[in-house]
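Each remark here refers to the structure printed beneath this line.
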Amino acid sequence: MFDWNQDPHRRFNPLTREWVLVSPHRTERPWQGQIEAGDARSQPDYDPECYLCPGNPRAGGARNPNYTSTFIFDNDFAALKPQTPQDRFERDGLLIAESEPGICRVVCFSPKHNLTVANMEPCDLRKVVDAWVEQYGELAARPAINYVQIFENRGAMMGASNPHPHCQIWSNHTLPNEAAKEQAAQTAWREERGTCLLCDYAKLELAAGDRVVDQNECFLSVVPFWAVWPFEILVIAKRHLTAIDGLAETGRDGLADILKRATTRYDRLFQVSFPYSMGFHQRPTDGERHEEWHLHAHFYPPLLRSAAVRKFLVGYEMLAGPQRDITPEAAAQRLRGV
């Protein structure tokens with residue numbers, strides 16, 4: 001008899017309409033691969049060498065003000081530039097390139113250098129949520145901006161160049177790949193069924209319970225049925241909201257709370273400041289209503305077995321498709337238990 005907890009199988013991701021291979025029996029294999037070196041260095045409240053700390057010069061030459069709350073500035077080394085001229089190149093349908101204007105910003109969460117989302121006070125984390133809402137609205141109002149991507153890379157393992165608590169906001173003229181896939185899937189679901197894909201999914205997960213990690217009045221966090229990363233978390237608004245600008249006061253408090261809960265559970269799991277990439281997916285800013293969209297956030301953390309063993313997307317995953325060993329149900333159970 002087939003055992004979903006032990007036998008290899010595929011799971012479908014309705015947000016991207018892609019499959020992930022699940023191989024639970026591989027959790028028994030011995031590990032002789034790379035072991036990550038730990039970083040036991042404690043960070044001070046203020047680092048005179050940090051280019052994000054208050055009053056310090058940044059890498060681009062500007063000096064930060066002596067800020068006392070959140071601090072936002074245009075990225076000194078932006079991947080996108082607002083004054084990029086329009087141009088397009090194409091040859092034989094094979095060589096295609098387009099210019100891409102945009103705006104990139106940095107949001108410092110706090111003046112304290114040694115904080116993470118997990119150890120910030122809820123009232124201070126709420127100020128970060130307010131900054132996200134403000135930035136989304138301000139950038140969305142610009143005619144050249146059609147998508148706003150808010151994301152945080154936490155930890156050197158995820159490519160963060162500075163430990164100071166901060167995130168980035170990249171706003172594009174065109175819809176990026178992952179958002180485009182999710183838009184197509186959510187649009188198709190709404191057209192075919194007349195309902196919202198993630199509203200339906202949230203109800204299903206709340207009823208099942210075995211992949212739920214946490215919840216509050218406004219948000220639900222789960223290890224999604226189709227998760228690729230071992231301890232991946234999907235944060236879903238319980239009410240149908242197309243973007244972060246739809247959050248009222250209670251919803252903003254709820255978002256701050258669920259993010260703190262998720263990151264605190266991560267830190268407790270392996271007793272380490274857990275690395276991850278986190279980002280919001282929400283309504284494009286092209287002026288359309290986009291009722292098919294549902295506000296959600298993805299946490300993609302790389303740790304697999306311990307603080308020293310990470311998952312790599314290589315080999316089969318690069319050449320064929322994503323694969324995971326530990327089931328989402330087992331991952332959620334472990335996260336609930338810490």
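Keep in mind that the numbers below use all heavy atoms, side chains included, and drop hydrogens, waters and symmetry copies.
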N216 side chain vs G254 backbone, donor-acceptor pair below 3.5 Å: yes
Sidechain-backbone polar pair: E152 side chain, M278 backbone, donor-acceptor under 3.5 Å: no
Interatomic spacing from CG in D7 to CE in M1 - rounded to 0.5 Å: 11.5 Å
Pair E329 + R11: basic N to acidic O under 4.0 Å: yes
Residues in salt bridge (charged side-chain N to carboxylate O under 4.0 Å, His left out) contact with E90, at least two apart in sequence or another chain: R88
Qualifying ring-ring contact (aromatic ring centres under 6.0 Å, His included) pairs, either residue in residues 99-138, two or more places apart: H113-H164, W132-F280
Could you list the donor-acceptor pairs under 3.5 angstrom formed by side chains in residues 226-236, with sequence neighbours left out?
| from | atom 1 | to | atom 2 | distance (Å) |
| --- | --- | --- | --- | --- |
| W226 | NE1 | N13 | OD1 | 3.3 |
| E232 | OE1 | V228 | N | 2.8 |
| E232 | OE1 | W229 | N | 3.1 |

Check: H296 ring centroid to H294 ring centroid under 6.0 Å: no
Salt bridge (charged side-chain N to carboxylate O under 4.0 Å, His left out) contacts touching residues 102-113 (sequence neighbours left out): D74-R105, R105-E138
All salt bridge (charged side-chain N to carboxylate O under 4.0 Å, His left out) counterparts of E178, not counting sequence neighbours: K181
Q333, CD: over 12 other non-hydrogen atoms inside 6.0 angstrom: no
Side chain S99, main chain D87, donor-acceptor under 3.5 Å: yes
Partner set under side-chain contact (heavy atoms from CB on, under 4.5 Å) for D92, not counting sequence neighbours: none
Qualifying residues under salt bridge (charged side-chain N to carboxylate O under 4.0 Å, His left out), relative to D214, sequence neighbours excluded: R261, R265
Stepwise side chain to side chain contact (heavy atoms under 4.5 Å, CB included) test for N64 and R58: CA-CA 7 Å; N64 297 324; R58 296 204 301 271; 2.9 Å; yes
Nearest non-hydrogen partners of L80 and S171, listed with the distance: CD1-O, 3.6 Å
Heavy-atom pair with the smallest gap, counting every atom of W19 and P322: O-CG, 3.5 Å
Whether R154 side chain and A160 backbone form a donor-acceptor pair below 3.5 Å: no
pair P111-C53: side-chain heavy atoms closer than 4.5 Å: no
Any side-chain heavy-atom pair of V107 and I169 under 4.5 Å: yes
Side-chain donor or acceptor of R63 paired with backbone N/O of G55 under 3.5 Å: yes
Steps toward side chain to side chain contact (heavy atoms under 4.5 Å, CB included) verdict (Y147, H281): CA-CA 10 Å; Y147 192 77; H281 281 161; 3.5 Å; yes
Derivation and outcome, side-chain hydrogen bond (donor to acceptor under 3.5 Å, both in side chains), residues W189 and E292: CA-CA 8 Å; W189 186 275; E292 74 278 7; over 6 Å; no
Verdict with supporting geometry, D45 and Q43, side-chain hydrogen bond (donor to acceptor under 3.5 Å, both in side chains): CA-CA 7 Å; D45 278 357; Q43 299 287 342; over 6 Å; no
Nonpolar side-chain network containing L95, other nodes, edges under 4.5 Å: F89
C50 and N162, any side-chain heavy atoms less than 4.5 Å apart: yes
H173 side-chain N/O to A144 backbone N/O, donor-acceptor pair under 3.5 Å: yes
Salt bridge (charged side-chain N to carboxylate O under 4.0 Å, His left out) contacts touching residues 267-286 (sequence neighbours left out): D245-R283
Fellow cluster residues of L21, listed by chain then number, with links counted only when side-chain atoms sit under 4.5 Å apart: Y316
Check: K260 side chain, A118 main-chain N or O, donor-acceptor pair, under 3.5 Å: yes
T70 side chain to V128 backbone, donor-acceptor under 3.5 Å: no
Candidate pair F151 and W170, rule ring-ring contact (aromatic ring centres under 6.0 Å, His included), full reasoning: CA-CA 8 Å; F151 66 97; W170 291 16; 5.6 Å; yes
Any side-chain heavy-atom pair of C199 and H240 under 4.5 Å: yes
Salt bridge flag under 4.0 Å for residues K127 and D124: yes
Y201 side chain near P14 side chain, heavy-atom distance below 4.5 Å: no
For the student: nearest non-hydrogen atoms of A79 and C104, plus distance: N-SG, 3.7 Å
Reported CE-to-OG distance for the pair M157 and S273, which is rounded to 0.5 angstrom: 10.5 Å
Connected hydrophobic set around V106, excluding itself, where side chains approach under 4.5 Å: Y51, L52, Y67, F71, F73
Interatomic spacing from NE2 in H298 to OG in S277 - rounded to 0.5 Å: 12.0 Å
T195 backbone acceptor or donor facing R193 side chain under 3.5 Å: no
Where L241 and G246 come nearest, the two heavy atoms and their spacing: CD2-O, 3.6 Å
Step-by-step side chain to side chain contact (heavy atoms under 4.5 Å, CB included) determination, R310 to L304: CA-CA 5 Å; R310 66 178 297 184; L304 175 59; 5.7 Å; no
Side-chain heavy atoms of T242 within contact of R289, under 4.5 Å: no
Test item: L220 and V222 side chains (from C-beta on) under 4.5 Å apart, heavy atoms: yes
Non-hydrogen side-chain atoms of P82 and P101 separated by less than 4.5 Å: no
From N172 atom CG to E100 atom CD, the distance as rounded to the nearest 0.5 Å: 5.0 Å
Inter-residue atom distance M120.CE - L259.CG, 0.5 Å rounding: 10.5 Å
Heavy atoms from other residues, nucleotides or ligands near CG of N177 exceed 12 (cutoff 6.0 Å): no
Distance in Å, T187 OG1 paired with H290 NE2, rounded so as to fall on 0.5 Å steps: 8.0 Å
Test applied, side-chain contact (heavy atoms from CB on, under 4.5 Å); reference residue, F274; option that passes from L269, T116, T263: L269
Pairing residues for E249 by the salt bridge (charged side-chain N to carboxylate O under 4.0 Å, His left out) criterion, not counting sequence neighbours: R126
Main-chain N/O of P328 paired to D210 side chain as donor or acceptor, under 3.5 Å: no
